[in-house]
Amino acid sequence: MERFYHCVLPTDESLLALFDELGLSNRIGWTRTRTGFFDPEGRLLDLTTTLDFLNFHLSASLIG
């Protein structure tokens, strides 16, 4: 088991309610995260939003 809970999402209502009950809500820090990967040429390709995914899909279909 991990020592720290490393990912809390704004939709984790039960966990956020527990933090509030314990008086810890003011200690939560929210960070915007991104998702992506490096292509074979070393470029970082964003896959964070639906538009990123659609652009990637279009690019991949043009290549392959």
Side-chain angles (χ1 to χ4, degrees):
M1 176 176 254
E2 296 182 26
R3 182 173 179 191
F4 299 102
Y5 196 86
H6 63 275
C7 179
V8 177
L9 302 175
T11 55
D12 291 335
E13 295 174 6
S14 297
L15 186 58
L16 293 174
L18 176 62
F19 288 161
D20 192 40
E21 185 178 324
L22 296 173
L24 299 173
S25 294
N26 62 335
R27 299 189 64 187
I28 297 173
W30 297 105
T31 302
R32 175 167 270 212
T33 58
R34 300 178 70 136
T35 304
F37 67 95
F38 289 97
D39 72 2
E41 297 169 4
R43 295 175 298 192
L44 179 61
L45 301 176
D46 249 339
L47 287 175
T48 303
T49 67
T50 303
L51 187 57
D52 293 336
F53 181 77
L54 289 172
N55 285 332
F56 169 75
H57 182 70
L58 290 174
S59 299
S61 66
L62 293 175
I63 294 170

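Note that this is a predicted model, so its numbers are computed, not measured.
Using a 4.5 Å cut-off between side-chain heavy atoms of Ile, Leu, Val, Met, Phe, Trp and Tyr, with links allowed through other members, L22 and L16 fall into the same hydrophobic cluster.
The distance from the CG atom of L51 to the OG1 atom of T49 is 5.0 Å, given to the nearest 0.5 Å.
Under a 3.5 Å cut-off, the side chain of N55 and the backbone N or O of D52 do not form any donor-acceptor pair.
Each side-chain hydrogen bond (donor to acceptor under 3.5 Å, both in side chains) pair with one or both residues in residues 22-32, not counting sequence neighbours, appears once here: D20-S25.
Between L15 and V8, the closest heavy-atom pair is CD2-CG2, 3.7 Å.
For the pair T48 and F53, the minimum side-chain heavy-atom distance is 4.5 Å or more. In this structure, the side chains of I28 and F19 come closer than 4.5 Å at one or more pairs of heavy atoms.
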